[in-house]
Amino acid sequence: MKDPGAVFRESTIGYLVTWGILQFICFRLLPQLKIFEAFDFQEILVPSILLGMFGSMIAGLASSVVAASKTTANPQRQKQGRLVGWVLGTIGFLGVSFPLLLGGWIFYQSVRQSLE
């Protein structure tokens, strides 16, 4: 089994890379393709950066908690560790995927406005 510290580092780096790719696609590539024309990204750029970084750390912590719970002999503690890891992982995932969720919402609004 891996050390929980190593799991935290590897997971956090993986989530940061994923978030960076989503950030690039949603805030750089899609506006260049003129998909998001009438939206000002400056006001949501800082919250997106904060949510992505904190979400990556929280998701990494979730992986670490699950890895640490595997070393516990008590089945009740293992179950609690997995539950805490699941809750933290969900919160972290939402932070990491914020650019994608936001991009999807803006795209939906653009399509809806063009159909009216």
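For clarity, every value in this text was computed on a predicted model and none was experimentally measured. One-based numbering along the sequence shown.
- If you run side chain to side chain contact (heavy atoms under 4.5 Å, CB included) between Trp86 and each of Leu88, Val84, Thr90, only Thr90 comes through.
- Panel note: side chain Ser64, backbone Gly60; no donor-acceptor pair is recorded below 3.5 Å.
- For Arg9, the side-chain contact (heavy atoms from CB on, under 4.5 Å) test picks out Ala6, with sequence neighbours left out.
- Counting only residues at least two apart or in different chains, salt bridge (Lys or Arg N to Asp or Glu O under 4.0 Å) contacts with residues 10-26 comprise Lys2-Glu10.
- Taking CD1 of Ile91 as the start and CG of Leu51 as the end, the distance is 12.0 Å to the nearest 0.5 Å.
- In this structure, CG in Leu94 is found 7.0 Å from CG in Leu101, a value given to the nearest 0.5 Å.
- Looking at Thr71, its side chain does come within 3.5 Å of a backbone N or O of Ala68 through a donor-acceptor pair.
- The side-chain heavy atoms of Trp19 and Leu100, taken from C-beta on, include no pair separated by under 4.5 Å.
- Among all heavy-atom pairs drawn from Ala62 and Gly85, the shortest one is CB-O, 3.2 Å.
- Separating the CG atom in Leu83 from the OG atom in Ser69 is a distance of 10.5 Å, to the nearest 0.5 Å.
- Residues that satisfy the side-chain contact (heavy atoms from CB on, under 4.5 Å) test with Ile21, not counting sequence neighbours, are Val17, Ile25.
- Looking only at atom types and distance, the side chain of Gln23 has a donor-acceptor partner in the side chain of Ser48 under 3.5 Å away.
- No side-chain heavy atom of Leu22 sits less than 4.5 Å from a side-chain heavy atom of Phe27.
- Ser63 places a side-chain N or O within donor-acceptor distance of the main-chain N or O of Ala59, the cut-off being under 3.5 Å.
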Task: Pair Phe93-Ile58, side chain to side chain contact (heavy atoms under 4.5 Å, CB included): steps then yes or no - done: CA-CA 8 Å; Phe93 176 76; Ile58 290 171; over 6 Å; no

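- Across Gln76, Gln80, Arg82, a single residue satisfies side chain to side chain contact (heavy atoms under 4.5 Å, CB included) together with Gln78, and that is Arg82.
- Considering CZ of Phe98 and SG of Cys26, their distance stands at 10.0 Å, rounded to 0.5 Å.
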